[in-house]
Amino acid sequence: MSDVHDMDDMRAAPGSPATFSLDGQDVEFQAGETLIEAATRAGRYIPHLCWHPDFHPHGSCRLCTVKVNGRAGAACTMQAAAGQEVQSDTAELNAQRKTLLQMLFVEGNHFCPSCEKSGNCLLQATAYQMGMEGPHFEQFYPNRPVDASHPDLLLDFNRCILCELCVRASRDVDGKSVFAIGGHGIHTHLLVNSDSGRLGDADMALGDRAASICPVGVILPKRRGFAIPIGQRRFDQAPVSQQTQGDGDSP
Amino acid sequence: MTTPAPLPPLQAPRKLKLATVSLAGCFGCHMSFLDIDERLFELIEHIEFDRSPLTDIKQVGVCDIGLIEGGLCNAENVLVLREFRAHCKTLVAVGACAITGGLPAQRNHMDIGAILTDVYCTRQGLSASCRIPDDPELPLPLNQVHPIHEVVHVDYFLPGCPPSANAFWTFLNDLMAGRTPHLGHGLMHYD
């Protein structure tokens, strides 16, 4: 079948590493790698929020949308293939990313000046990177009470961007499935799997992977405020585009 | 035929008029603006202050640039903002409160009537005659605090809580030179 032969042609030929082109520069990839995996390994930056190198891609935030041979696709779910022409850092795509970020910001209550995550926050750093000076849209100001029932962890739902990293970390690494996503459309929200719906009644510990995976300021350890001063935090040191290898958990 | 040498300008370029105001803000942005320190002398070579807490002029005149600190928490804020929009060629939302509502907007999920009753009537330690202030001179509070771009068109946003002195300086220099202001890493901050 010709289709199968085409797929074979696009795989890495033995001896010479296969490459695709990202914004005009070749990026090597290994068989099975996604575009964002190969780009990140090569030290290249593709904006993202719900993607994390340790977890199965989720493809929900759409921030990593790139153009592959002229067609839009999520770099975190699309497999790399030899000869692909990938565009990421273009005015058009970055403008779309900025709009996505603005929608995320107005949908929640992202009050950076009082957030312990400020300076270490991937959402904030990505918004800086995309030059988001203002929210453009009208604020939703949703009413989302915090959950401070856990002795060691605080849950501030106001900042949730529904990336599901905590859901994946708790299910796939911790084996606890403490978190889930419920509701539909604008009512989609983060849930805690306990009888009361409160984190204090769930099987969650400070050392869990899910406790440190949140890219924004939803899941925070208690009694650790401002251990690192504002101005000396991760994204104060260098912009997110220069920290592609450091996509780790919260410091 | 040789082109004649251009004539030297008869006078220096007109100074730009700048107005500033703090609506539902804490004056922190104005304090940070003053933190440009001795660069104020350089700035004053190019701009002239109109209505501002620095001049005490009460009515905003026709201006080139208007800097708005703070969001909208009462009817007077909306009135002043509309006056600024009508008089300023370029209107700038300065700081977290003007851009997102900021700290005052943290009351937005509560009922304003309940807040006023709690603060002025039912709170412990109040004297028996305490009641919600109703002097007609007091502007009425809005049900929710709003950022200024929800009421008037805003030309530029200068984020920060407050924006640093260097951010003010870079921003104003870009604006005075006719460039689109660009902050970049280190100056762009939401906190």
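Below, read A as the first sequence line, B as the second, and so on, with proteins coming before strands; counting in each chain starts at 1.
Between A/E133 and B/F171 the shortest side-chain heavy-atom distance does not fall below 4.5 Å. Residues B/F157 and A/P135 meet the side-chain proximity criterion, which asks for heavy atoms closer than 4.5 Å.
Of the listed residues (B/M188, B/H189, B/Q144, B/M110), the one with the most heavy-atom contacts under 4.5 Å to chain A is B/M188. Contact count versus chain B (heavy atoms, under 4.5 Å) is highest, among A/P239, A/S114, A/G134, for A/P239. Contact count against chain B (heavy-atom pairs under 4.5 Å) is highest for A/A127 among A/A127, A/P142, A/P145. Heavy-atom pairs under 4.5 Å with chain A were tallied for B/C161, B/A96, B/G186, B/G102; the largest tally goes to B/G102.
Closest of all the heavy-atom pairs between B/G101 and A/Y141 is CA-OH, 3.7 Å.
Only the side chain of A/F105 comes within contact range of chain B, judged by heavy atoms closer than 4.5 Å. Heavy-atom distances place both the backbone and the side chain of A/S118 under 4.5 Å from chain B. Looking at A/Y128, the atoms closer than 4.5 Å to chain B (heavy atoms on both sides) sit in the backbone and in the side chain alike. Within the 4.5 angstrom heavy-atom criterion, only backbone atoms of A/H136 (N, CA, C, O) approach chain B. The contact between A/A238 and chain B is made entirely by backbone atoms, counting heavy-atom distances below 4.5 Å. Heavy atoms of B/L103 lying under 4.5 Å from chain A belong to its backbone as well as its side chain. The part of B/V145 that comes within reach of chain A is its backbone (N, CA, C, O), which places non-hydrogen atoms under 4.5 angstrom from that chain.
Within 6.0 Å of CG in B/N143 there are 12 or fewer heavy atoms belonging to other residues, nucleotides or ligands. Within 6.0 Å of CZ on A/F137 lie more than 12 heavy atoms contributed by other residues, nucleotides or ligands. Within 6.0 Å of atom NE2 in B/H182, 12 or fewer heavy atoms from other residues, nucleotides or ligands are found, so the atom counts as exposed in its surroundings. Counting non-hydrogen atoms of neighbouring residues, nucleotides and ligands closer than 6.0 angstrom, the CG atom of A/D195 reaches no more than 12 such neighbours. Other residues, nucleotides and ligands place no more than 12 heavy atoms under 6.0 Å from the CZ atom of B/F41.
The CG atom of B/D191 lies 8.0 Å from the CZ atom of A/R233; values are rounded to the nearest 0.5 Å. Once rounded to the nearest 0.5 Å, the distance linking NE2 of A/H110 with OG1 of B/T100 reads 11.0 Å. With values rounded to the nearest 0.5 angstrom, A/N158 atom CG is found 8.0 Å from B/H109 atom NE2.
A donor-acceptor pair under 3.5 Å links the side-chain atoms of B/E150 to the main chain of A/Q139, judged by distance alone. Side-chain atoms of B/H185 never come within 3.5 Å of backbone atoms of A/Q129 as a donor-acceptor pair (strictly under, hydrogens ignored).
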